[in-house]
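Since the structure is predicted, the reported quantities are computational estimates derived from the model, not experimental observations.
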Amino acid sequence: MEKGRLLLQSRSALTVAFFVLGMTGSAAAQEYYTDISVGASLLNLPETQFFKIQSDDWRQIRPVDYGDDDLGGIQFTGAFGYRRDTKLMGAKQLDFNLRGEITSVSTNDGGVRERTPDSPYRYGWVSISNQAGYGVPYNENTLVASIDRKATMSRLEATIGATYDLKKDWNATVFIGPSWRYLDLRNSFSGSISGSMPDFSHNCSLEEDVTTSYWGGVAGVSITGSYKENWSGSLIFSVSAYSSSTDYKAYYEDSSWGESYRQLEADESAYGADLKLTVDYKVSPGVTLGFYAVAQYLSSVPDVNYGGYPWMYPEDGVLDLEEADLYGFAGGLQFTIALY
């Protein structure tokens, strides 16, 4: 009985396979291809909140604006694909694509903030244990801050697409598939408060490693075609949805209050959108060289809130992981090679 059931399942699978092959055509034209692109990239991440403007009674007012939310660097993208003529569902071609992308960006910011005479506010920070901290105590005392940020965003997607004719030399490809992203954000802070009346100094350092994994899917449409001899272009729009998991690790050291270590975790959901424009020139049969520009959005990346002193002001909170938007832009050169 079991053997008969297995035989029936095998015949059913073979029937489906022969049906698909019949729809695609056993002698259909096929092509392997690869895309390689490299360009400059800018990621707009949430601005850090470690250094704060405080009141003299230790209430946290707002973060000091050091403009450390724009990180610039480089982006690499590589793709390998397979196209095959088909008659399936009215499409003229099937496209299988595996694409990987890595973006590496950084910034170095900071500066000097001086407390002005009779100012009701001062500059300072709170330790990640929320048990201690420091602020500029006297007029004309200064906070010297340095902020180093490095971020690496990786992406891997495997999609299947169906291509349809729009009009002469123009096509539309609808695609869908799984998507994975990984964001590794490393922040390094150092601060020094000093003064001469009386002479004093107070220093701190904070090292953070914040990693987020995104698991989900992507779907989109690509419009491609030729507009003059040897020139072609494409417009690609996609949307994505993810479940994300964030790990936060931090080490804090203070010249007066010692050191502390914290680790946090958070799970969120996220959605994204990408828009890419390419302009290509046919260098030789099967080889194109062009330019690309891309804009991306991701609804959830980790944003560290350092809180305040909860025993004094519970509303200021404690160290916690929040979420913020990410915007990204990139542009550069793209090569496409037909491998046949």
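Taking the six-membered ring where tryptophan is involved, the planes of Phe189 and Phe51 are perpendicular, since the angle between them exceeds 60° and thus also 30°.
In this structure, the side chains of Tyr248 and Glu208 come closer than 4.5 Å at one or more pairs of heavy atoms. Residues Arg186 and Asp184 are in side-chain contact: their nearest non-hydrogen atoms beyond the backbone lie under 4.5 Å apart. Taking 4.5 Å as the limit, every side-chain heavy atom of Glu322 sits out of range of all side-chain heavy atoms of Val304. Between Ile53 and Tyr123 there is a side-chain heavy-atom pair separated by less than 4.5 Å. The shortest distance between side-chain heavy atoms of Val105 and Lys150 does not fall below 4.5 Å. Side-chain contact between Ser269 and Ser243 is absent, with no heavy atoms from C-beta onward closer than 4.5 Å. Within the 4.5 Å cutoff, side-chain heavy atoms of Leu321 are placed close to those of Leu264. Between Arg99 and Thr77, some side-chain heavy-atom pair lies under the 4.5 Å cut-off.
Leu185 and Tyr66 end up in the same hydrophobic cluster when Ile, Leu, Val, Met, Phe, Trp and Tyr side chains are linked at under 4.5 Å. Linking ILVMFWY residues whenever their side-chain heavy atoms come closer than 4.5 Å, directly or via other members, places Ile61 and Leu143 in the same cluster. Tyr182 and Leu98 end up in the same hydrophobic cluster when Ile, Leu, Val, Met, Phe, Trp and Tyr side chains are linked at under 4.5 Å. Phe329 and Phe237 fall into different hydrophobic clusters, where Ile, Leu, Val, Met, Phe, Trp and Tyr residues are linked whenever their side-chain heavy atoms come under 4.5 Å apart, directly or through other members. Cluster membership check: Trp125 does not share its hydrophobic cluster with Val144, using side-chain heavy-atom separations under 4.5 Å among Ile, Leu, Val, Met, Phe, Trp and Tyr.
Evaluation of the side chain to side chain donor-acceptor pair (under 3.5 Å) rule for Thr211 yields no partner, not counting sequence neighbours. In terms of the ring-ring contact (aromatic ring centres under 6.0 Å, His included) criterion, Tyr252 has no residue partners (sequence neighbours excluded). When the ring-ring contact (aromatic ring centres under 6.0 Å, His included) test is applied to Tyr134, the partners found at least two apart in sequence or on another chain are His202. Under the ring-ring contact (aromatic ring centres under 6.0 Å, His included) criterion, Tyr214 pairs with Tyr242, sequence neighbours left out. Trp170 meets the ring-ring contact (aromatic ring centres under 6.0 Å, His included) test with no other residue; sequence neighbours excluded. Partners of Arg262 under the side chain to side chain donor-acceptor pair (under 3.5 Å) rule, at least two apart in sequence or in another chain, do not exist in this structure. Taking the side chain to side chain donor-acceptor pair (under 3.5 Å) definition, one finds that Ser238 meets it with nothing, sequence neighbours left out.
When every heavy atom of Glu47 is checked against every heavy atom of Asp65, the shortest pair comes out as OE2-OD1, 2.5 Å. Closest approach of Pro46 and Asp69 over heavy atoms only: C-CB, 4.4 Å. When all heavy atoms of Lys52 and Gly307 are compared, the pair lying nearest together is NZ-O, 3.5 Å. The nearest pair of heavy atoms linking Pro310 to Val318 is CG-CG1, 3.6 Å.
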Kindly list each side-chain donor-acceptor pair under 3.5 angstrom involving residues 282-301, sequence neighbours excluded, with atom names and distances?
from	atom 1	to	atom 2	distance (Å)
Tyr292	OH	Gln75	OE1	3.2
Gln296	OE1	Arg155	NH2	3.3
Gln296	OE1	Arg181	NH1	3.3
Tyr297	OH	Asp325	OD1	2.9
Ser299	OG	Tyr271	N	2.9
Ser299	OG	Tyr271	O	3.3
Ser300	OG	Glu323	OE1	2.7

Please table the atom pairs, donor to acceptor, closer than 3.5 Å between any side-chain atom in residues 159-168 and protein atoms at least two apart or in another chain.
from	atom 1	to	atom 2	distance (Å)
Thr163	OG1	Thr173	OG1	2.8
Asp165	OD1	Lys92	NZ	3.1

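When hydrophobic residues (I, L, V, M, F, W, Y) are linked wherever their side-chain heavy atoms come within less than 4.5 Å, the members clustered with Phe175 are Ile236. Under a 4.5 Å side-chain heavy-atom criterion applied to ILVMFWY residues, the cluster that includes Val38 comprises Ile74, Phe76, Ile102 as well.
Checking Asn44 against Asp70 by side-chain atom types alone, a donor-acceptor pair falls below 3.5 Å. Side-chain atoms of Asp68 and Thr107 include no donor-acceptor pair closer than 3.5 Å. Side-chain atoms of Glu114 and Thr142 include no donor-acceptor pair closer than 3.5 Å. Using a 3.5 Å distance cut-off with no hydrogens or angles, the side chains of Ser244 and Thr212 do not pair a donor with an acceptor. Looking only at atom types and distance, the side chain of Gln60 has no donor-acceptor partner in the side chain of Asp316 under 3.5 Å away. No hydrogens or angles considered: a donor-acceptor pair under 3.5 Å links the side chains of Ser188 and Glu207.
Interatomic distance, Ser55 OG to Arg122 CZ, rounded to the nearest 0.5 Å: 7.5 Å. Here the OG atom belonging to Ser154 is positioned 5.5 Å from the CH2 atom belonging to Trp180, to the nearest 0.5 angstrom. Within the model, atoms CD1 of Ile193 and CG of Asn141 stand 8.5 Å from one another, a figure rounded to the nearest 0.5 Å. Once rounded to the nearest 0.5 Å, the distance linking NZ of Lys249 with OH of Tyr261 reads 5.0 Å.
Although no hydrogens or angles enter the test, the distance criterion places a donor-acceptor pair under 3.5 Å between the side chain of Ser127 and the main chain of Ala132. The closest donor-acceptor contact from the side chain of Thr246 to the backbone of Pro302 lies at 3.5 Å or more, if one exists at all. At distances below 3.5 Å, not a single donor-acceptor pair connects side-chain atoms of Ser240 with backbone N or O atoms of Val218. Side-chain N or O atoms of Asn130 include one that pairs as donor or acceptor with a backbone N or O of Gly308 at under 3.5 Å. A distance-only check finds no donor-acceptor pair linking the side chain of Glu253 to the backbone of Ser260 [under 3.5 Å].
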Ile147 vs Asn187, side chain to side chain contact (heavy atoms under 4.5 Å, CB included): CA-CA, chis, key distance, verdict: CA-CA 7 Å; Ile147 304 171; Asn187 298 322; 5.9 Å; no
Residues Tyr32, Tyr82; criterion ring pair (Phe, Tyr, Trp, His ring centres under 6.0 Å); working and verdict: CA-CA 4 Å; Tyr32 294 92; Tyr82 169 68; 4.8 Å; yes
Derivation of the side chain to side chain contact (heavy atoms under 4.5 Å, CB included) call for Lys276 and Gln334: CA-CA 12 Å; Lys276 182 178 182 180; Gln334 176 173 286; 3.2 Å; yes
Steps toward side chain to side chain contact (heavy atoms under 4.5 Å, CB included) verdict (Tyr33, Asn97): CA-CA 9 Å; Tyr33 64 92; Asn97 186 275; 3.0 Å; yes
Residue pair Tyr309, Val126: steps toward the side chain to side chain contact (heavy atoms under 4.5 Å, CB included) verdict: CA-CA 8 Å; Tyr309 301 102; Val126 177; 3.8 Å; yes
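Residue pairs that meet the side chain to side chain donor-acceptor pair (under 3.5 Å) test with at least one member in residues 217-229, sequence neighbours left out, do not exist here.
A salt bridge links Glu315 with Arg59: at least one charged nitrogen is closer than 4.0 Å to a carboxylate oxygen.
With a 6.0 Å radius and a threshold of 12 heavy atoms from other residues, nucleotides or ligands, Tyr121 has its OH atom at or below the threshold.
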